[in-house]
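Below is one structure, written out as structure tokens, with a few remarks after it.
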Amino acid sequence: VERSRGLGDVYKRQLKNRVSVRSFLDKEVSDEDINFIMDAGKMAPTGMNRQPLLFIALKNKDIRKKYADLIKEFTERPTDAYYDSPVVILFFSKDSPTKVLDGAAALENMLLATAAIDLGACWIHRSSFFFASEKGKQFQKEIGIGEEYECLESIALGYIKGDKPQFKERVEGSKII
């Protein structure tokens, strides 16, 4: 008989509630919800508590469209890499030896927070490559982010269009010795 773990059981259900969403409604996400999600990212652990991360939500339709067009041009793909999500959250970091791990921890917190409030999100990895390019550096300057910051990751964010994708069970990947 498996014993109840109280809030641990609730937490595990929440982990399974987090899925990658690739279809979004054209519906505005509130600033309150965006801040809730970014606050979850700020609560993630960082190496030596350096807290080098900066989260930028691209919500303004004109800026969001410009970013989508730049990414399309950069990747040479005809579709929006962010699945036409109404919001893109970019993860920047100051130089830190643990910046990639810090960003990953924050990203997971933000994805879990997104699922907790019934929004959809998808981790998109193209942003780091784009922001290393000349056009990416120019766009970074245009949105007011100093050159001391490097873009690590990003997420597409919005209301789920259609049925929510189902959690896919994970392969065996752990062992107690």
Side-chain angles (χ1 to χ4, degrees), residues 1-59 64 71 79-94 96-129 131 150-177:
V1 173
E2 192 172 323
R3 71 179 173 95
S4 171
R5 289 182 176 78
L7 288 177
D9 291 336
V10 172
Y11 179 70
K12 194 162 187 180
R13 277 195 309 276
Q14 185 59 31
L15 289 173
K16 288 184 173 186
N17 189 40
R18 193 234 35 94
V19 294
S20 294
V21 173
R22 293 178 178 87
S23 186
F24 298 93
L25 294 174
D26 183 16
K27 180 179 175 183
E28 183 175 336
V29 178
S30 73
D31 289 356
E32 181 182 1
D33 285 345
I34 295 168
N35 282 319
F36 175 82
I37 292 162
M38 291 193 297
D39 284 347
K42 289 187 251 178
M43 292 178 202
T46 60
M48 302 295 291
N49 199 28
R50 287 183 190 94
Q51 301 182 38
L53 302 174
L54 172 68
F55 308 115
I56 302 297
L58 302 181
K59 179 181 173 182
R64 172 66 185 88
I71 292 289
T79 58
D80 181 1
Y82 293 87
Y83 306 102
D84 297 315
S85 66
V87 179
V88 169
I89 299 179
L90 302 168
F91 293 58
F92 288 89
S93 179
K94 290 182 180 176
S96 168
T98 58
K99 65 186 172 193
V100 172
L101 300 172
D102 298 342
L107 188 136
E108 179 65 5
N109 274 17
M110 292 168 81
L111 293 175
L112 290 169
T114 299
I117 58 174
D118 292 324
L119 289 173
C122 189
W123 175 1
I124 309 292
H125 190 63
R126 290 178 181 88
S127 55
S128 59
F129 302 110
F131 280 97
E150 174 186 353
C151 188
L152 301 175
E153 299 293 345
S154 58
I155 60 173
L157 172 70
Y159 288 93
I160 301 167
K161 184 178 185 179
D163 293 333
K164 183 176 182 175
Q166 294 299 305
F167 178 80
K168 293 181 176 112
E169 290 300 325
R170 301 306 192 230
V171 297
E172 186 61 38
S174 55
K175 185 177 188 177
I176 298 175
I177 300 176

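Predicted, not measured: the structure shown is a model, and the values here were computed from it.
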Partners of [X] by side chain to side chain contact (heavy atoms under 4.5 Å, CB included), sequence neighbours excluded?
X      : result
Ser20  : Arg18, Arg22, Cys122
Phe167 : Lys16, Val19, Glu169, Arg170
Lys175 : Ile177

**Prompt:** Among all residues two or more places apart in sequence or in another chain, which pass the ring pair (Phe, Tyr, Trp, His ring centres under 6.0 Å) test with Tyr82?
**Reply:**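 Tyr82 satisfies ring pair (Phe, Tyr, Trp, His ring centres under 6.0 Å) with Tyr67 only.
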**Item:** Partners meeting ring pair (Phe, Tyr, Trp, His ring centres under 6.0 Å) with Phe55 (sequence neighbours left out)
**Value:**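 Here the qualifying residues are Phe91.
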**Request:** Would you mind listing every side-chain hydrogen bond (donor to acceptor under 3.5 Å, both in side chains) that reaches into residues 100-120, with sequence neighbours excluded?
**Result:**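 For residues 100-120, and leaving out neighbouring residues, the side-chain hydrogen bond (donor to acceptor under 3.5 Å, both in side chains) pairs sorted by first residue read Thr98-Asp102.
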**Prompt:** Considering residues at least two apart in sequence or located in another chain, which fulfil the salt bridge (charged side-chain N to carboxylate O under 4.0 Å, His left out) criterion with Asp80?
**Reply:**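 For Asp80, the residues satisfying salt bridge (charged side-chain N to carboxylate O under 4.0 Å, His left out) (neighbours in sequence not counted) are Arg64.
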**Asked** With sequence neighbours excluded, what pairs up with Lys161 under the salt bridge (charged side-chain N to carboxylate O under 4.0 Å, His left out) test?
**Response** none
Show the atom names and distances, to 0.1 Å, of all donor-acceptor pairs under 3.5 Å that link a side chain in residues 40-52 to residues at least two apart or in another chain.
unit_1, atom_1, unit_2, atom_2, d
Lys42, NZ, Asp39, OD1, 3.2
Thr46, OG1, Arg50, N, 3.3
Thr46, OG1, Gln51, N, 3.0
Asn49, OD1, Gln51, NE2, 2.9
Arg50, NH1, Gly47, O, 3.2

**Non-hydrogen atoms of Ser127 and Leu90 that approach each other most closely** = CB-CD2, 4.2 Å
Output all residues satisfying side chain to side chain donor-acceptor pair (under 3.5 Å) with [X], sequence neighbours left out; order by chain, then residue number.
X      : result
Asp26  : none
Glu153 : Trp123, His125
Asp163 : none

